[in-house]
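Accompanying notes for the structure given below.
Labels below follow one simple rule: chain letters A, B, ... track the order of the sequence lines, proteins then strands, and each chain is numbered from 1.
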Amino acid sequence: MTQPLKDLSAAPVAIQADHVNKYYGSFQALKDVSMQVKQGEVVVVIGPSGSGKSTFIRCINRLEEHQTGRIVVGGVELTNDVRNIDAIRKDVGMVFQSFNLFPHLTVLQNITIAPMRVKKLEKAAAEKVGMDLLERVGIPEQASKFPGQLSGGQQQRVAIARALAMQPKIMLFDEPTSALDPEMIKEVLDVMKELATSGITMMCVTHEMGFAREVADRIIFFDKGQVIEEATPDDFYNNPKTDRAKLFLSQILGH
Amino acid sequence: MNSQMQASVPFYRDVKKLALIAQVVFLVVVVLLIALVINNINLGLKKQNLNFSFDFLNQTAGFQVAEGTAFGVPYDSSSDNYFKVVFVGLYNTLRVAVTGMILATVLGVLVGIGRLSSNWLVGRLALVYVEILRNTPVLVQLFVWYFVVILGLPAISKAQPILGVYLSNSGLATPWLVQKPDMPNFFPVTIIAVLIGLAVFAFFSNQRARTGKPTPAGWYAIAAWLLVQIIGFFALGQPLEYGAPVRGNFGVTGGLQVSPEFTALLIGLVVYTSSFIAEITRAGIQSVNKGQTEAARALGLGYSETLQLIILPQALRVMIPPLGNQYLNLTKNSSLAVAIGYSDVLNVLGTAGNQSGQNLQTFFIAGIVYLILSFTIAFLVNLYNSATRLRTR
Ligand SMILES: Nc1ncnc2c1ncn2[C@@H]1O[C@H](COP(=O)(O)OP(=O)(O)OP(=O)(O)O)[C@@H](O)[C@H]1O
Ligand SMILES: [Mg+2]
């Protein structure tokens with residue numbers, strides 16, 4: 001019932017993390033995290049609340065700064081060099097749990113602002129890109145509305161379109177459906193599934209098992225700031241190897 | 001059954017009746033107080049043999065006013081009446097208040113952003129600036145600006161012009177487009193041009209809010225304003241000419257002259273008010289959700305782009321009402337002009353009152369003038385506030 005596995009063995013590395021440690025004051029949120037994500041790979045990150053999933057994913061585009069270890073994104077190492085940070089942010093799109101749309105701009109303006117300002121795209125060209133993306137996420141008719149006038153599911157789809165407008169090579173999702181009513185989750189997941197099959201590299205923090213089983217190449221299980229287990233979705237859900245993963249699954253699958 | 005239940009409540013426990021009674025009592029007290037005040041004023045006037053009339057406004061004022069023009073029309077103390085001199089004062093008040101509001105906003109917003117800077121030195125300097133200025137009386141600050149700073153500048157005979165601009169203890173003199181004496185007054189054109197510019201801005205930002213079509217409302221407004229100025233200039237037969245300050249035996253003549261009193265009052269009000277606006281800006285920026293910055297940075301927008309395009313426009317919405325309060329304060333504080341001898345409306349009215357013996361009337365006029373100014377500011381702020389409200393479901 002699973003999709004045939006993509007052959008990623010020859011694919012170049014998109015994200016490489018080596019022995020990453022991250023502290024908030026004296027609290028260690030990431031402990032010696034090492035992992036690799038290949039280009040075109042879809043990785044789902046799961047784990048209990050407070051396990052460091054958000055922290056890790058936010059380190060990848062420098063919304064959080066790691067203290068030791070190495071993170072290399074698309075061949076560029078994340079250092080304090082602003083040039084590196086800018087280069088990485090150009091290639092990495094991010095979707096947040098709380099959408100974070102710009103409430104004072106229209107839907108279309110939300111999408112075009114970065115291409116126009118960062119990529120210096122002409123307005124007409126940016127709007128063309130924006131309308132195409134709205135078409136792709138299924139809400140072209142909302143272009144001139146303000147975010148506050150849309151439903152949660154529509155807002156999250158705009159947020160995805162906004163991130164895609166920069167034509168990123170990598171997309172990061174941090175619990176994109178957790179703030180949504182159940183009937184809206186599907187419309188967002190459908191967009192994400194379509195995206196997953198398009199060849200883009202994706203790293204998603206999500207507990208949506210259906211999504212993970214359908215499109216993920218790999219599951220990474222975090223606990224207490226550490227990577228505890230990495231496996232294909234089938235392996236992970238059917239026979240988790242570690243006790244912590246078993247415990248966690250028994251909790252989210254409802255006993 | 002419902003009406004039975006209501007009927008069974010005695011009136012002293014019925015919320016609606018209690019509210020009504022409270023209002024009636026309050027009204028009666030207010031009316032009595034007003035009657036008392038009016039009665040007292042009448043008695044006082046009778047005792048001193050005065051009558052409350054504004055006829056004196058038609059009499060020749062006969063006293064000199066420094067910076068004596070009203071909206072582009074020169075004031076002549078030998079022939080103009082009290083009515084006109086009030087407008088001279090009003091014009092001076094408006095001049096300092098309007099310029100002050102604009103400059104205080106610019107300075108205050110910059111300092112407010114500085115307060116939140118991740119640069120330790122910038123943040124500290126902004127903090128010191130805010131705390132010193134906010135916590136000392138504005139009158140003291142005015143004295144310092146006037147007597148220490150401005151009057152401490154070199155005398156005009158020693159001042160070195162920089163690009164034709166003279167800065168000395170008799171104020172600032174700079175090259176400017178000045179009114180030709182025997183030509184039509186250009187001032188109304190400027191006012192009309194500014195109003196049209198504002199109207200154009202309001203129209204296009206409103207349209208943008210309604211249709212979501214992004215229009216450069218600011219540029220349209222500037223274009224409209226300039227266009228009206230230029231049309232007016234030629235329609236009135238070019239009533240302006242270039243004038244540069246020239247140093248003579250008795251100071252400078254020509255160009256635009258700004259008195260030391262105006263300069264000190266303007267700087268004093270701007271700097272004082274900017275410290276409050278800085279705090280308002282800081283609070284406004286901090287009120288914007290952190291996720292907004294993160295989303296903007298994740299998209300690749302830089303620090304200043306994020307601030308300018310994402311954070312400040314949202315912060316401004318929270319800032320408008322307290323900003324309006326600061327504009328009111330600045331306007332009212334401009335009446336401290338009297339302390340350093342600037343001819344604002346209160347100062348002029350004070351002189352007029354003393355000279356004509358009609359102090360009650362002149363203070364009455366002063367009260368009305370400040371009320372009108374305050375209401376106008378409040379009205380404009382509310383207008384802006386409702387024009388930029390967020391659209392939500
Ligand atoms: N800004 C911060 N300052 C201090 N501690 C933080 C901060 N952000 C996160 N933490 C701590 O770091 C740990 C990891 O947090 P993180 O948000 O990465 O967890 P998570 O796995 O995303 O959890 P959730 O599923 O609830 O989103 C938590 O214990 C959290 O309290
Ligand atoms: Mg999280």
Between A:His104 and B:Arg317, what is the shortest heavy-atom contact and its length?
-> CB-NH1, 3.4 Å

Does A:Gln67 CD have over 12 foreign heavy atoms under 6.0 Å away?
-> yes

Atom NZ of A:Lys193 with >12 non-hydrogen neighbours under 6.0 angstrom = yes

Could you grab the distance from atom CE of A:Met116 to atom CG of B:Leu301, nearest 0.5 Å is fine?
-> 11.5 Å

In this structure, CD1 of A:Ile111 is separated from CG of B:Leu299 (nearest 0.5 Å) by 10.5 Å

Residues passing the side-chain contact (heavy atoms from CB on, under 4.5 Å) test with B:Asn289, sequence neighbours excluded, are B:Gln292

Can you tell which part of A:Leu108 gets under 4.5 Å to a heavy atom of chain B, answering side chain, backbone, both or neither?
-> neither

Which pairs with one or both residues in residues 100-125 of chain B pass salt bridge (Lys or Arg N to Asp or Glu O under 4.0 Å), sequence neighbours excluded?
-> B:Arg115-B:Glu279

Option that, when pairs with chain A are counted at under 4.5 Å, heavy atom only, ranks first among B:Leu309, B:Thr293, B:Val288 = B:Leu309

Take atom OH of B:Tyr303 as the centre, draw a 6.0 Å sphere, and report whether it contains more than 12 heavy atoms from other residues, nucleotides or ligands.
-> yes

Under a 4.5 Å heavy-atom criterion, the part of residues 85-99 of chain A in contact with chain B comprises A:Arg89, A:Val92, A:Met94, A:Phe96

Among residues 35-63 of chain A, which ones touch chain B with a heavy-atom distance under 4.5 Å?
-> A:Arg58, A:Asn61, A:Leu63

Would you mind telling me which of A:Lys119, A:Arg162, A:Met166 has the largest number of heavy-atom pairs within less than 4.5 Å of chain B?
-> A:Arg162

